[in-house]
Amino acid sequence: MKKIFLFISTASLLMLGACKKSFLDVPPQGDAVTIDKFSNAAGVQQLLVGAYHDLTGIDVKSTWWGTSGTNWVYGDITSGDTYLGGYATSPPHQVSDAFNIENYQELATTGFLDDKWTADYDGVARANGVILAATAATDMTAAQKNEAIAEARFLRGHFLFDAKKMWNNVPYVDENTTNFTSLANTANIWPQIEADFQFGYDNMNEVQPLAGQANKWAAACYLAKCYMFEQKYAQAKALLATIIASGKNAQGVKYALVANYHDNFDVGTENNSESVLQINFSVDPTSLPNNSNLGETGVSPVGTAADVTYGYWKQPSFNLVNAFQTDANGLPLLDASGNDLSNATNMKNDDGIASSTPFVPYQGNVDPRLDWSVGRRGVPYLDWGVDPGQDWIADQTFGGPYLNIKNMFTQAEEGIGFGGIIADYYYVGNSAVNYNIIRYADVLLWAAECEVEVGSLEQARTYVNMVRSRAMTSPTETIDYSSGSPSANYKVGLYTTAWADQTYARNAVRYERRLEFAEEGHRFFDLVRWGIADTYLNAFIQTEKTRSVGSVLSTATFTKGKNEYFPIPQQEIVLDPQLKQNPGYN
Amino acid sequence: MRILRLKFSGKIYRSVLFLLIPLFCFQLANAQSLISGTIKDETGATVPGVTIAVKGTPTATVTDASGTFTIHATTNDILVISFIGYQTQQILVGNQTKLSIALQTDTKGLNEVIVTGYSKQSKRDITGAVSTVSPTVIEQTPVTSIEGVLQGRVAGVVVDGQGGPGNPETVRIRGIGTLGNNDPLYVIDGVQIRLGTAGGSEDISNLLNPNDIESLTVLKDPSLEAQYGSEGSNGVIVITTKTGKMGPPQLTYDGYVGVENPRNLPDIITPQQQADALYASYKNSGVAIPGSVASFYGNGTTPVLPYYIIENQSGTGNIGVAENSPLANPSLYNQGNYRILKANQSGTDWWSALFQSALTQNHNLNLSGATDKSNYSVGLGYLNDQGTLLNSYFERYSIRINTAFKIKPWLRFGENLEASFASQNTESRSATNDISELYLLSPLLPEYDIAGNLAGTGKALILGNTGNPYTSRVNSLGDKNYSQSIIGSIYGEADIIKGLTYTNQIGFQLLPTESSSYTPTMPQEPIPFPTNVFSEGGDYSTDWRWLNKLSYTTTINQIHQITAFAGYEAEEFAERSYGGTTGNIGFPSTNTEYLSSGNTGTSPTAYVPTVYGSGEKYTSVSEFANLTYSLYDKYLFTATGRHDGTSKFIATGEYGEFGALSAGWRISKEAFLQNVSWLNDLKLRASYGTAGNNGALATDAYLTTLTSDNFGNYDLGGTNTTSMSGYYVYQLGNPTLHWEDNKTVNIGLDASVFHNSLTASLNWYNRITDGLILAPPSSGTVGSALSPIENIMSFTNKGLELEISYNSHIGDVKFDMSGNIATDKNNVDYIDGLAGAYLPGGTFGSNGAIDLTRSVVGKPVSQFYGYVYQGLYKTPAQVASHATEGSLGITNANALGNPMYEDRDHNGVINTDDETYLGSPIPKFTYGYDVNFYYKQFDLGLFFQGSYGNKIYDYAKVMQEFPNANGTGVGGLTTGALDTWSPSNPNASLPIFSENSSAINSSPSSYFVESGSYLRLKTAQLGYTLTKLRGIKKLRIYVQAFNLLTITKYTGMDPEVNDGNPSDLGIDYGTAYPISQKFLVGVNMGL
């Protein structure tokens, strides 16, 4: 008997030893999805969708505003076109980062900047994941792989471009990068960004199965945008001419301006002939809130009338609204040299006037794009009713009397689920309205810039008039939503005579960009690439300080050679000592 | 029988006698005679108050003042002589009628057998640092969990209670060893306990009824921890449960009922004072009062409290109106979007609404007994702890069955099994909970609206930051959280040759948990759900562990004592969690709330049901061996080795070796000390060993994992109302990960003097942890994926521990006392460059974006970090001369009454460069002191416990002292907040009310740092033992009070603030339960 036990014990010990190796070989369980499962057609597609998602800017670590794919914090409130707006609590803690950015007081430790950096490089990482998976896939044809890799490189180009324009000195990361703690940011990465777009232009399909996908012409447009930022006007001019001649959107429709300017900002008319690349937001239960325009949460006055008091950030500036004034010919208020006179006086507004006090809006001529860009008292705010002024504004002394409008859905659209209050109090204004990263009007006005710099002023005038012509024929706010007389004296005209000189032409083109793309997140980056950010913005600050919102900009001053680019986030320098801080921030 | 008895004598007699007790029980009782006797102690003095009982009968008596007694007994009776601090003696009456008995000092403390898990050792032979909690303490401490048993009893063991029924308490042995998992390993009846990792981790207090504990040993030392190898580095708590003792069946009942009263509830100011404070705050900051606030308070220059509050969901938000306002016409009332509430101008006492006196009760029945062939112990326990927080409770039923059988003289089988069923509803301590939200709830809000529906905070922020926690507690009434467990082991032991024993044990754990909750749409809350929602889910974990062990013991020539064991162990842990949600239930009630009962409906009340599931599984194998050698009972050596493998790691990290060496020298056995009569035992010992920790590490940390959710989905089709699923990298893997590696040196001294009445144990240790497992802060250049988990830090903990106990008597008042004190000095030795210069922890500020603590090389872990508060600007001269604080929004114009911070770099500007280390959450020492007095049938016990030298960061002050806390427009200001600076109150203790939140309540500073030292009278107990009761062997009744007295300078609710997260150490987030005083009446009864 005892011997039996001795035997059992010995056998048990031996048995344990024998099965030891395989016993410890436990595969991951449950929903642990590991990278090795994605090297196939289906996996590549899933990763590609994930990479596209990052166009929204909303990743796991995002802070909504700080990472918004629409760049309103970095491109609008810094540009003289927009105030941060909102409440005057000095400043509200949760938006102090945005407040500091508005005043050019951001620091390397400003949290939004590290979030933005992370969001851009997350996009890069997701694109790189697609490239690696597609390269290793065995069930895809060479053509399929090529298309997937080209789309991924296009997206990588987008995110690197975004980082480049924010910080200028940024590290290059591709699918072969493994050591992230010793990447330098001293080399100029424009060549690598160009290469990604060139690869996309050469390899992507012209027509794509899905409306939200980018195609080869989107890559061409983005390549042209690179040239614009590098002041490579000759190369840009040639490429833009090709795009204007042959470019098509991802459905194969030839690029053209849409008849109604507002169609660029409406849920019902997305991915149209003017769309080059849009962020395709959606309001659907499975991806709420993170595939809606979460980055502009609270930015629009939305929902029912009661919710209006929650949407108050990103308010258009006096300066911007004044720029929409036109003369008797419907032309901007430029003098003979092309100098901007529009801010000599402040356009009539309801600043400081209670909603209960009668108010007649400005009766002078304005460009009709004003009321598709800005909500102002006395004018219908889409179909939400006539803007009552102060009642819809959190605090006029902090953000002025105007409301943002371009990312706003209509009340009717909310009714069918394109926006509204979903899931959480703070997500008021989940919007499915797409944001245009590039639209065809960009292409035309870049082409106009190129003509001014290295080509024909007359051709430039032609391009600008194409854009103005659409503004002339677009329906105006009043016609869409109210039966009464026009809310304003809309007057926009073409430049009918040749431009006097290059300076005037340059100013006219730049002015047109400001009007056409107001509140679309581009303005600050345009000012920087034109090299006029310091003079323009310091002048803006001086003017604006005399107005009722002046105290908000009390600490604002733009330092040449510093504020053109944002500081490299301190956290990144701590973790990667190879990164050099941008000039002026040390 | 007689023959058998006569064969034994002397010492052997006493021990064998015990085995024979049941045999005597069957003997016929003989005629009684009167026995008398005298009892003396070891010095020859007579001892009064000694209990003399006739075994197995209710007959008992005590010695009188002269130490004499008389008692009736028969010749076959056994007298049991017991007296605290002395050995209990059993004496067969036989033919004696006059007895003279000498008490012998109880040396049980030394001869006590320590269960170290894989083996047992006599305490006097142990060469490592080990502490035990005596069975008396366990029996007399009516706590609901074993953490409660440990608190303050063991040097070097720190327990932080969270408060709240059934909430786990944190147990830390010898300080913070890692920034990851610091929980000790529990070993119950030889089986390592797995508390689960994924969805529903179990709490040890759910699994084990403390009443079933027979012995509790804390292994603090590497020479012992090394036996558990990769699991041992946080210390090991070895528990054995009750087994039957030789004798007839014994039935015991232990129970108590009591009441718990919340104390120290905050004293909130009136609604008018609160509105005034808010207005002052705007005014002082030169900020216009926001329109919604101004109209709520009457649009005047001073706030006028509204008579009615209208919550208009689709209209203008919350507005305040006067009594006669047509807007308050009850006919307008609509719960969905037009609620009318009568403002409570005198103020609702929300704290009293949420915290009330609560009943607690605990009942335990135990039946046990043993023969020479078998023993058994069957326990039944019931605990019901109604928490002081509204609708909170913890209820547990438990059954324990332990049996053992001797099949052959050389073959034994047995099992230990506990099944428990626990249910609870509680608030745990997290960053925010219903308690912290209470600070942000306006006292102007009534409990109910005019229609009798629960009041919510409505749509505007002015009544509360988020929802109404009272509503949330009321709605949680039906929420269920069940934890069930079956844990135990079955074993067989065979003596193969003399001294050699083979053990085969299978340990098993089944731990299902289940929870469900129903959430109504709650239109009165800021975030009404479009539909009602019901969720239900569970988690099921299983763990088996197979142990094979050979142990050998022998003594050679009475000189060499050798004990050795070696074994092999394999384990598999598996866990699955699952659940789902449904919504839009048409007729919610407890009968219809099933996952199948949702109605998906149509827009806008459509609800898309969801399901989820996940799983984990890991395995481990281990080989281990241990050798103990004792030479002349004077020189002691122990060696331990263990080789562990786990599926959690791959490549080189998969296996780890751990080991220990220790030695002891019993100096008291040396010739030169033989004549020192007062010295009973003196032992010097030293040990060195290694152990590991892989704590709460996920099973697939070596793999890069992806996920698909709304951070990956994208509307690539351009539909606006659907999106395609996309995947993204969630966490990067690290294939080179390995165990945290712990190396400890321990030097100790054990002494026993004065007839063993005074014993002391001193330990010094140096504990080094290398390769701490942690996910470092991630580089944004990698993207948003979580960083791979790395072996990234090193720590040192050094400390001294002293435990002393003493027992004696003064006249017939006997007493025993024991105290312990321990220091632990933590130091961060190394941080990998991957993590940057420091590791941040804690959160501060309304969006939690500011780090409150830093772990940096050269300092203890998790030091508070921020500005140095220097008081308030009281004069313009101070403003002019002090460094400017522009970065905090303090300008020369508005500085008066605002905080001054130290300009540490003397550059005239306050900025982040002026932040510094503000103190340590780690105590300089912790201590416990226990004293018990016995007089006749009375006993009185007092137990003190505390900590010294630690700091607490009182985050709750943000909500208690500043209006508009967290930018909400409200703050449940406490009355202390009224002492705020103003020109007319220049010597105020608090800064000026200001909207400039970055000036103080968003800037971490020493303003919030307070002393966390405390001394607490944890328990006081008075008992009375009744004797001479027919049919009852023992009956003791007692009353006990908890938390009668706390001496502390800390101004928060309770200085026990730690929730177990090492990077949140010492931060009081305002989420703590108010301390409660508990009063119990209890009974210990034996039949």
Side-chain angles (χ1 to χ4, degrees), chain A residues 2 5-6 9 12-13 16 20 23-24 26 28-35 46-47 49-50 52-53 59-61 87-90 92-94 111 114 117-118 121-122 125-126 180 210-213 267 270-271 280 282 284-287 290-291 304 306 417-418 424-425 432 572 574-576, chain B residues 285 287-288 290 292 314-317 494 496 502 526-527 548 568 570 608 614-619 621 645 647 700 703-707 710-718 720-724 726-729 779-784 834 836-837 846-847 849 889 967 995-998 1002:
Chain A
K2 279 192 183 183
F5 272 88
L6 188 59
S9 65
S12 296
L13 288 168
L16 272 167
K20 187 162 116 181
F23 183 69
L24 287 185
V26 178
Q29 307 285 306
D31 54 3
V33 180
T34 49
I35 188 75
Q46 296 269 26
L47 291 173
V49 172
Y52 269 105
H53 169 89
D59 61 51
V60 175
K61 292 184 181 168
Y87 274 128
T89 45
S90 57
H93 176 74
Q94 64 270 32
D114 195 35
W117 179 284
T118 304
Y121 279 98
D122 190 54
R126 291 190 185 189
F180 289 85
L210 295 164
Q213 254 174 313
V267 184
E270 293 172 347
N271 298 311
N280 273 268
S282 62
D284 63 284
T286 52
S287 45
N290 294 326
N291 200 50
T304 58
F418 292 143
D424 192 319
Y425 187 62
E572 302 309 324
V574 168
L575 296 174
D576 175 6
Chain B
S285 315
V287 171
S292 58
S314 58
T316 47
I496 294 167
Y502 166 71
I527 314 166
N548 281 272
Y568 216 110
V608 181
S614 69
E616 282 218 68
K617 183 174 168 182
Y618 63 85
T619 53
V621 293
S647 65
D700 49 11
L703 281 166
T704 293
T705 55
L706 290 85
T707 192
N710 55 16
F711 289 108
N713 297 351
Y714 187 66
D715 181 20
L716 203 54
N720 292 308
T721 52
T722 60
S723 57
M724 300 169 71
Y727 277 81
Y728 62 93
V729 173
S779 151
T781 319
V782 179
S784 70
L834 289 171
S846 59
N847 60 357
E995 286 301 286
N996 179 4
S997 60
S998 58
S1002 291

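Every chain is numbered from 1 and lettered A, B, ... according to where its sequence line falls, protein lines coming before strand lines. Note that this is a predicted model, so its numbers are computed, not measured.
A heavy-atom distance below 4.5 Å is not found between the side chains of A:D59 and B:Y728. Residues B:V782 and A:Y121 form no side-chain contact, since every pair of their non-hydrogen atoms from C-beta on lies 4.5 Å or further apart. With a 4.5 Å cut-off on side-chain heavy atoms, A:Q46 and B:L706 do not count as touching.
Of the atoms belonging to A:Q213, heavy atoms from both backbone and side chain fall under 4.5 Å from chain B. Contact of B:T781 with chain A is made through backbone and side chain together, with heavy-atom distances under 4.5 Å. For chain B, the nearby part of A:N271 is the side chain; its heavy atoms alone come within less than 4.5 Å. Heavy atoms closer than 4.5 Å to chain A are found in both the backbone and the side chain of B:L716.
Looking at every heavy atom in both residues, B:G726 comes nearest to B:N713 through N-OD1, 3.4 Å.
Applying the ring-ring contact (aromatic ring centres under 6.0 Å, His included) criterion to B:Y727, with sequence neighbours excluded, gives A:F38. Partners of A:D122 according to the salt bridge (charged side-chain N to carboxylate O under 4.0 Å, His left out) rule, which considers only residues two or more places apart in sequence or in another chain, are A:R126.
Per-residue heavy-atom pair counts under 4.5 Å with chain B were compared for A:V60, A:N280, A:V26, A:D576, and the maximum is reached by A:N280. Chain B forms more heavy-atom pairs under 4.5 Å with one residue of A:L47, A:V574, A:L575, A:D114 than with any other, namely A:L575. Of all the listed residues (B:S779, B:G783, B:S784), the one sharing the greatest number of non-hydrogen pairs under 4.5 Å with chain A is B:S784.
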